[in-house]
Amino acid sequence: MRKIEIFDTTLRDGEQSPGVNLSTDEKIEIALQLERLGVTRMEAGFAAASPGDLRSVQEIAKRIKNSTVVSLSRSVQNDIDKAWEALKGAESACLHVFIATSPIHRKHKLRLNKEQVIEQAVAAINYGKKFFSQIEFSAEDAARTEIDYLCEVVEAAIKAGAKIINIPDTVGYMTPHDYGNIFRQLRQNVPGIEEIKLSCHCHDDLGMAVANSLAAIEAGATQVEGTINGIGERAGNAALEEVALALETRKDYYQATTDLNLVEIARTSKLVSRLTGMIVPGNKAIVGANAYAHESGIHQDGVLKEITTYEIIRPESVGIKSNKLVLGKHSGRHAFKDKISELGYHLEQEQVDEAFKKFKDLCDKKKEVSDEDIIALLDAKIVEIPETYVLESLQLSYGNLSVPTASVRVRLANGELKEEASVGNGSVDSIYKAIDRVTEEEVSLDDYKIVSVTHGKDALGEVYVRLSQNGISVQGRGVSTDVLEASAKAYIRAINKIIAKRGDAVAISDQEPMSTTLS
């Protein structure tokens, strides 16, 4: 049984999803969960993109002990220097250096010929070896690169010292048959390829990212790159949970498996969904709300008689279970602490105390408190940003024959209280206009959505907003049994994020032409 290593790029390629902008604390929380999931490598970010990205990679590198932490780097010296600055404190570090190789990228983006591309790739790997014992090389847009030339590039990268070679289908163009053939030809024609790890990285533009990844494994790939829930640029990346369960469920066919702790999949999926604001569709494979639901009478009859008639995956195997009433208003601090530990959270005592107070507040609002309620409460509280503004109170006046009016009281960081009121086209509009008056911030509301976290009439509502200001785009999240209160919390949280991010430099696109070469 071959062992397939998992390279998670949720924090790098996943964060490049339109509208996603994670804080350092949010990235750390996801990284710690990825470690619990058991990924081999996690790409923590692109350290040279901005000071904020560098700090995030640096903080993740300090905390992760059981996975290799990776930083992306273009084939330029400054990027490699930034990657080392971010990763030098890691228990296990890897440099991921790339350069585009396809004709269209060489001509229009890089403006380099074939020889110059190879020279720059080799120079980058040689320079990276001064700092890193693990180097992964990616031939960007490898899938649309002439196969003879791709063999030349890969051979040169291996000779230079790359330990992992990644063959990305950067634009999701390949079919499984054609993508698998690239790996077969590389294995047949490149000297020394049997000594390195061969990796696949697929995008989902034609809906074939997972199928292409599995085809690469059949053709000899030993590492799969992807993201949780398949998030990423454009249509996203290969969904790692789908690849992992395909290998697990069809061991008889693929003769390959991973070291992932599969029962952590559902929790990882929910955490990534909450922090990125990218909602998992109900019909999403493995982690969707309907993935293990049966409505058809024929299906229900079959499942009641023998569950394997219509279920090939047990929901418990990926950590999905029905809601239970496990804690309530009579529960004590000790029981609460045991529960959050059982759910996989590792909090300092101060964080436990604060979360317990919020839990007690929630118990006064809900008859039943489920695991999902507690997870939502923790995810809303333990990932913190500097609070320039805190919502103290909210009053609303609304009727279908009257003008919606909102009054908000907000506490500033210096302790001062400010109160403003405003009218609007609806309750949410009036709330946001009142908050704008308090904060005196001019922001654009680019997205707003409400999600039911739990079930029942007293379910927790989760609101996501995306705000932008002068090129800065952030996301805010608020949770409450009252969706209007959640809306206000989400908006204020997003404003706090904008204020916190103003000092960061504009991120460098990994699609821009190379302007610096290595000597």
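The first residue in the sequence is number 1, and the count goes up from there.
Between Ala44 and Val69, the shortest heavy-atom distance links the atoms CB-CG1, 3.8 Å. The nearest pair of heavy atoms linking Thr276 to Val272 is OG1-O, 2.6 Å. Here the shortest heavy-atom pairing between Ala244 and Thr258 reads CB-OG1, 4.5 Å. Closest approach of Ile231 and Thr10 over heavy atoms only: CD1-CG2, 4.0 Å. When all heavy atoms of Ser67 and Val39 are compared, the closest pair comes out as OG-O, 2.8 Å. Taking both residues in full, the closest heavy atoms of Ile312 and Thr249 are given as O-CG2, 3.9 Å, listed atom of the first, atom of the second, then distance.
Panel note: side chain Ser138, backbone Glu140; no donor-acceptor pair is recorded below 3.5 Å. Asn290 places no side-chain N or O within donor-acceptor distance of the main-chain N or O of Asn283, the cut-off being under 3.5 Å. Checked by atom type and distance alone, the side chain of Tyr464 pairs as donor or acceptor with a backbone atom of Arg274 at under 3.5 Å. Here the side chain of Thr405 pairs a donor or acceptor atom with the backbone of Val403 at under 3.5 angstrom. Counting only distance, with no hydrogens or angles, the side chain of Tyr432 and the backbone of Ser487 share a donor-acceptor pair below 3.5 Å. At least one donor-acceptor pair closer than 3.5 Å links the side chain of Ser430 to the backbone N or O of Ser427. Of the possible polar contacts, none joining the Arg437 side chain to the Lys433 backbone as a donor-acceptor pair under 3.5 Å is found. The main-chain N or O of His203 is never found under 3.5 Å from a side-chain atom of Asp169 such that the two would form a donor-acceptor pair. Although no hydrogens or angles enter the test, the distance criterion places no donor-acceptor pair under 3.5 Å between the side chain of Glu136 and the main chain of Asn166.
Paired with Asn237 under the rule side chain to side chain donor-acceptor pair (under 3.5 Å), one option of Thr9, Thr227, Asp8, Asp13 passes, and it is Asp13. For the pairing with Glu392, the side chain to side chain donor-acceptor pair (under 3.5 Å) check across Arg409, Arg411, Lys418 returns one residue only, Arg411. The side-chain contact (heavy atoms from CB on, under 4.5 Å) test with Leu245 singles out one residue from Val287, Ile265, Leu260, and that residue is Ile265.
Aromatic pair His96/Phe7: ring centres closer than 6.0 Å.
Here Thr24 pairs with Ser56 under the side-chain hydrogen bond (donor to acceptor under 3.5 Å, both in side chains) rule; sequence neighbours left out. Partners of Ser269 according to the side-chain hydrogen bond (donor to acceptor under 3.5 Å, both in side chains) rule, which considers only residues two or more places apart in sequence or in another chain, are Asn229. Residues passing the side-chain hydrogen bond (donor to acceptor under 3.5 Å, both in side chains) test with Thr68, sequence neighbours excluded: Ser92.
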TODO: Any chance you could lay out the side-chain hydrogen bond (donor to acceptor under 3.5 Å, both in side chains) test for Thr40 and Glu5, step after step, and finish with the verdict?
DONE: CA-CA 6 Å; Thr40 315; Glu5 297 184 347; 5.0 Å; no

- [ ] Check the pair Ile498, Asn496 against side-chain contact (heavy atoms from CB on, under 4.5 Å), reporting the backbone distance first and the verdict last.
- [x] CA-CA 5 Å; Ile498 284 178; Asn496 286 336; over 6 Å; no

Open item on the list: Please determine whether side-chain contact (heavy atoms from CB on, under 4.5 Å) holds for the pair Lys360 and Phe336, giving the CA-CA distance in whole Å, both sets of side-chain angles, and the decisive distance to 0.1 Å.
Closed with: CA-CA 10 Å; Lys360 285 294 189 178; Phe336 179 74; over 6 Å; no

- [ ] Could you walk me through whether Ile4 and Leu247 pass side-chain contact (heavy atoms from CB on, under 4.5 Å), step by step?
- [x] CA-CA 9 Å; Ile4 304 301; Leu247 294 179; 4.1 Å; yes

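Ser23 and Asp25 are not linked by any side-chain donor-acceptor pair at a separation below 3.5 angstrom, with hydrogens and angles left out of the test. Judged purely by distance below 3.5 Å, without hydrogens or angles, the side chains of Asp141 and Tyr173 never pair a donor atom with an acceptor atom. Between the side chains of Lys497 and Gln475, no donor-acceptor pair of N or O atoms lies under 3.5 Å. No hydrogens or angles considered: a donor-acceptor pair under 3.5 Å links the side chains of Arg41 and Gln223. Inspection of the Ser473 and Asn21 side chains reveals no N or O donor paired with an N or O acceptor under 3.5 Å. Between the side chains of Glu85 and Gln58, not a single donor N or O lies within less than 3.5 Å of an accepting N or O.
Remark: Lys65 NZ is packed, more than 12 non-hydrogen atoms of other residues, nucleotides or ligands lying under 6.0 Å away.
Between Ile30 and Gln33, the closest side-chain pair of non-hydrogen atoms is not below 4.5 Å.
Taking CZ of Phe46 as the reference point, atom CG of Leu11 lies at 15.5 Å (rounded to 0.5 Å).
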